[in-house]
2 protein chains.
Amino acid sequence: MNKSKNKNVQKQDLSKNQQIIFDLIKKSNEPLKAYSILSNVQKKGIKAPLQVYRALDKLVEIGKIHKIESKNAFMACQNSGCQIAKATAFSICENCEKVSEIKNSKLFEYLKGFDDKSGMKYKKYNLEFFGVCNECTAK
Amino acid sequence: MNKSKNKNVQKQDLSKNQQIIFDLIKKSNEPLKAYSILSNVQKKGIKAPLQVYRALDKLVEIGKIHKIESKNAFMACQNSGCQIAKATAFSICENCEKVSEIKNSKLFEYLKGFDDKSGMKYKKYNLEFFGVCNECTAK
DNA sequence: AACGTTATGTAATAATATAACATTAATTAG
DNA sequence: CTAATTAATGTTATATTATTACATAACGTT
């Protein structure tokens, strides 16, 4: 019974490795690096770097996680439904290393509509702001 | 004589290795990777990765070059006087891999003034746009 | 000249990421 | 349903990117 389980579910199912790795990243309050992920999932049977990188690639592709390029690290998407995987913005504290995904629809709209004179059609962007966060400034 | 040489020169002198590596990057019409730089300057006596990375670090720090984070590659600053090393924006063609530095004062002003509710003080940003360039679209 | 700072040289190794190949599971077309 | 196709997995080896550690030399100041 219950054959209809998941029938009309929009949310794309993740494969076993993808789910394990996504769960780990989601639980984390900081961006995780690939080899740190690896050492955390070895007890679950994921043994090789490539298994991690393949899952990461897929998760990035479907927008469940983002890569913080300046840190070679990955964090779960914080935006509703992960709809804006192709338009990412982060704030990074240079002191405590905290990274947050920026949710700002004006910024999003501005950059989405950005058009220079090159004639290039932009499909995607990634923006990383660096500074000192509130907590660190207070100290 | 000529003791006054460089006395009032604003332009900071580069060291030998820095100059060699900057010259190479400047001549290039595409971003260069560290080990590609290394193999290109070995004839000039730079033998080890660390020599390259040290020069690159310094050149990035003083704004003569920028790192394209998504490509782990370096290109010379295209903006006048390299004054905006802390505010960088690039357009990257996903087809031909061409990278250009974006010079757009409105974008620059917009991002410079960007302030979300986090209270974080931004000192620096890096923005990378991805798409398909004119030439590639035409094909 | 002595000092602090910046740059260099060299070897070793750490950290990040992919290639190549074999196999298995899931999806879909006939 | 079964063949065909696509997506995911497993495994080994290796490529690529970057840093640690330590020793020496050059430069700029006082």
Side-chain angles (χ1 to χ4, degrees), chain A residues 3-25 30-75 97, chain B residues 3-25 30-75 97:
Chain A
K3 284 179 74 175
S4 66
K5 172 169 69 166
N6 286 337
K7 204 152 160 200
N8 295 314
V9 176
Q10 292 291 344
K11 191 168 84 175
Q12 163 149 214
D13 282 337
L14 299 179
S15 75
K16 179 169 135 281
N17 288 358
Q18 290 159 15
Q19 190 68 57
I20 290 169
I21 286 171
F22 178 63
D23 288 346
L24 179 70
I25 293 173
E30 62 182 3
L32 295 179
K33 288 170 163 262
Y35 277 71
S36 142
I37 292 169
L38 177 58
S39 62
N40 273 284
V41 296
Q42 280 182 322
K43 48 182 172 292
K44 306 222 172 181
I46 295 177
K47 293 173 190 159
L50 190 47
Q51 294 175 291
V52 173
Y53 281 106
R54 285 198 282 225
L56 290 173
D57 284 352
K58 184 67 180 187
L59 291 167
V60 166
E61 184 193 324
I62 65 180
K64 306 280 286 184
I65 66 172
H66 304 303
K67 182 175 187 180
I68 314 302
E69 293 286 353
S70 62
K71 299 173 95 66
N72 297 317
F74 300 84
M75 65 186 290
E97 306 277 281
Chain B
K3 284 177 75 174
S4 66
K5 172 169 69 165
N6 287 338
K7 204 152 162 199
N8 294 316
V9 177
Q10 292 289 346
K11 192 169 84 174
Q12 162 149 213
D13 282 335
L14 299 178
S15 75
K16 178 169 135 281
N17 288 358
Q18 289 159 15
Q19 190 68 58
I20 290 170
I21 286 171
F22 178 63
D23 288 344
L24 179 69
I25 293 174
E30 62 183 2
L32 295 179
K33 290 171 161 259
Y35 278 70
S36 141
I37 291 168
L38 176 59
S39 62
N40 272 283
V41 296
Q42 280 182 321
K43 47 182 173 290
K44 304 219 172 183
I46 295 176
K47 292 172 191 159
L50 189 48
Q51 294 175 292
V52 173
Y53 281 106
R54 284 200 283 225
L56 290 173
D57 284 351
K58 185 67 180 186
L59 292 168
V60 166
E61 185 192 325
I62 64 179
K64 306 281 284 185
I65 66 173
H66 304 305
K67 182 174 186 180
I68 314 303
E69 293 286 354
S70 62
K71 298 172 96 65
N72 298 316
F74 300 85
M75 64 186 290
E97 307 276 281

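Lettering of chains follows the sequences in order, A, B, ..., and the numbering in each one begins at 1.
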Subject >> Inter- and intrachain pairs under salt bridge (charged side-chain N to carboxylate O under 4.0 Å, His left out), touching residues 66-75 of chain A, at least two apart >> reply: A:Lys71-A:Glu97

**OP:** Indicate the atoms forming the closest heavy-atom contact of A:Leu56 with A:Ala34, along with that distance.
**Re:** CD1-CB, 4.1 Å

Original post:
Does any pair with a residue in residues 16-25 of chain B pass side-chain hydrogen bond (donor to acceptor under 3.5 Å, both in side chains), and if so which ones, sequence neighbours excluded?
Top reply: B:Ser15-B:Gln18, B:Gln19-B:Asp23

**OP:** Give me the bend of the helix from C:dA1-D:dT30 to C:dG30-D:dC1, using the axes of the five pairs at each end, rounded to 10°.
**Re:** 50°

Original post:
On DNA chain D, which is the earliest and which the latest nucleotide, 5' to 3', with an atom closer than 4.0 Å to a heavy atom of chain B?
Top reply: D:dT17 to D:dA21

Original post:
For the residue pair B:Gln51 and B:Lys47, what are the closest heavy atoms and their distance?
Top reply: OE1-N, 2.8 Å

**OP:** Determine the minimum heavy-atom distance between A:Phe22 and A:Ile65, stating which atoms define it.
**Re:** CD1-CG2, 3.8 Å

Original post:
A:Leu32: what forms a side chain to side chain contact (heavy atoms under 4.5 Å, CB included) with it, not counting sequence neighbours?
Top reply: A:Leu24, A:Ile25, A:Ser28, A:Ser36, A:Ile37

Original post:
Would you say C:dT16 has OP1 or OP2 under 4.0 Å from some side-chain N or O of A:Lys67?
Top reply: no

**OP:** Grab the CD1-C1' distance between A:Ile37 and C:dT16 for me, whole Å please.
**Re:** 12 Å

Original post:
Can you find a heavy atom in the side chain of B:Leu14 that is under 4.5 Å from one in the side chain of B:Ile21?
Top reply: no

Protein-nucleotides 5-15 of chain C N/O pairs closer than 3.5 Å?
unit_1: C:dA7; atom_1: O3'; unit_2: B:Ser15; atom_2: OG; d: 3.1
unit_1: C:dT8; atom_1: OP1; unit_2: B:Ser15; atom_2: OG; d: 2.7
unit_1: C:dT8; atom_1: OP1; unit_2: B:Lys16; atom_2: N; d: 3.4
unit_1: C:dT8; atom_1: OP1; unit_2: B:Asn17; atom_2: N; d: 2.9
unit_1: C:dT8; atom_1: OP2; unit_2: B:Ser15; atom_2: OG; d: 3.4
unit_1: C:dT8; atom_1: O4; unit_2: B:Arg54; atom_2: NH1; d: 3.4
unit_1: C:dG9; atom_1: OP2; unit_2: B:Asn17; atom_2: ND2; d: 3.1
unit_1: C:dG9; atom_1: OP2; unit_2: B:Gln51; atom_2: NE2; d: 2.4
unit_1: C:dG9; atom_1: O5'; unit_2: B:Gln51; atom_2: NE2; d: 3.3
unit_1: C:dG9; atom_1: N7; unit_2: B:Arg54; atom_2: NH2; d: 2.5
unit_1: C:dG9; atom_1: O6; unit_2: B:Arg54; atom_2: NH1; d: 3.1
unit_1: C:dG9; atom_1: O6; unit_2: B:Arg54; atom_2: NH2; d: 3.4
unit_1: C:dT10; atom_1: OP2; unit_2: B:Lys47; atom_2: NZ; d: 3.2

Subject >> Interatomic distance, B:Glu30 atom CD to B:Met75 atom CE [nearest 0.5 angstrom] >> reply: 10.0 Å

Subject >> Gap separating the CG atom of B:Asp57 from the CG atom of B:Leu50, nearest 0.5 angstrom >> reply: 9.0 Å

